[in-house]
Structures are given as structure tokens and as C-alpha cells.
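In what follows, a single structure is set out as C-alpha cells and then discussed.
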Amino acid sequence: MSALTGRCYCGALHVGTKASPQTVAYCHCSDCRRLSGAPVAAFAAFDPAHVVITPRWPDAKSHAKGVKRWFCPECGTQLGATYDYLPDQVYMPVGLFDQADRLQPQLHSHADSALPWLHIDDGLPRNAASSRASLTMASCDS
């Protein structure tokens, strides 16, 4: 996969990476639904060393132990998150990227939390809770 580019809603911050994502996953947990404002969120995981935000990364916010999140200070767009239990990965919303059509999810996380009226019949693996093992393996494979 070639370079990925993107931006926040207002365009104050631009994102880029020259590396392919380690994995792309749907997340059905209530935190991700609240953060995205959508019935399900989709994130691409990258090695943080390969991600650039210009003009600079904003200050991180933390409202849950072991989780850091970044948002555009101008428009509030979620830019990414890191989790202590998933080292060496930053999870970025697929919708940030200009090439979102190339970031096809590979699995569903927290499928037991999916809204009962949402039906995604894609045949992808579904983890009832956290996909920690699968996501950690993706980091090791890259």
C-alpha cells in the first residue's frame, strides 16, 4: 500500500503515514460508539513511528487508565488512540484518511456489544470482547 494522507474535519491538522496499517478493525464497544458518534467505529493500527501529524500532535487526553487519545483542538475530530495493552500501535479512525476505501476491516472487536439492529454480514472474524490477541499479533507481524 502506498502512502496514506488525511485530515481532521476543519483541516487544521493533517495526518500521514508511509507504512501500511498493521491491521484494520471494527469496534462495537460503547466507548468507540460515543467517540465516533456512529453505531460502529473502524480503526487502522499503525506503528506510531510511521505516523506524522502536522503541524504537530496535539496534547493527549486520558479519561481511562492506560488509554491516551488525541483530538483536533479546533474541531474535536478524533485523531488516534493508544492502549497500554496494545503496545507499539496507534489506532486511527479510518474516516480520517483520503484513501479510506483502501482500509478494509479484517475483524470485529467487542462484537457482543454490537447494537442489535446493526447487521454487518461480511464473514469477518468476530471477537466477543477485546480482540487483544489478534491485534497484538498484528503488531508483531509488521
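Values below: all heavy atoms of this structure, side chains included; hydrogens, waters and symmetry mates excluded.
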Open item on the list: Nearest 0.5 Å, please: how far is CG in Asp47 from CD in Gln22?
Closed with: 6.0 Å

- [ ] Check each of Leu115, Leu118, Asp112 against His28 using the side chain to side chain contact (heavy atoms under 4.5 Å, CB included) test, and report the only one that passes.
- [x] Leu118

- [ ] Identify the heavy atoms of His110 and Cys27 that sit nearest to each other, and give their distance.
- [x] CD2-SG, 3.7 Å

Open item on the list: Do Lys68 and Lys61 have side chains that approach each other closer than 4.5 Å (heavy atoms only, starting at C-beta)?
Closed with: no

Task: Student check: side-chain heavy atoms of Val94 and Val24 closer than 4.5 Å - done: yes

Open item on the list: How close do Glu74 and Cys10 get, counting heavy atoms only, and between which atoms?
Closed with: CB-SG, 3.7 Å

Task: Phe46 side chain reached by Gln89 side chain, heavy atoms, under 4.5 Å - done: no

Open item on the list: Once rounded to the nearest 0.5 Å, what's the spacing between atom CE of Met92 and atom CG of Leu79?
Closed with: 6.5 Å

Task: For Gln104, all residues meeting side chain to side chain contact (heavy atoms under 4.5 Å, CB included), sequence neighbours excluded - done: none

Task: Joint hydrophobic cluster, Val40 plus Leu35, side-chain heavy atoms closer than 4.5 Å - done: no

- [ ] Answer whether the closest heavy-atom distance between the side chains of Val52 and Val15 falls below 4.5 Å.
- [x] no

Task: Path from Leu4 to Trp57 over hydrophobic side-chain contacts below 4.5 Å - done: yes

Task: Point-to-point distance, once rounded to the nearest 0.5 Å, from SG of Cys8 to NE2 of His14 - done: 7.0 Å

- [ ] Kindly indicate whether the side chain of Thr77, heavy atoms from C-beta on, has any atom under 4.5 Å from the side chain of Pro93.
- [x] no

Open item on the list: Just so I know, are the side chains of Asp98 and Arg102 near enough to count as touching, which here means a heavy-atom distance under 4.5 Å?
Closed with: no

Task: Within-4.5 Å side-chain heavy-atom neighbours: Trp70 and Ile53 - done: no

Open item on the list: With a 4.5 Å cut-off on side-chain heavy atoms, are Arg7 and Leu96 touching?
Closed with: no

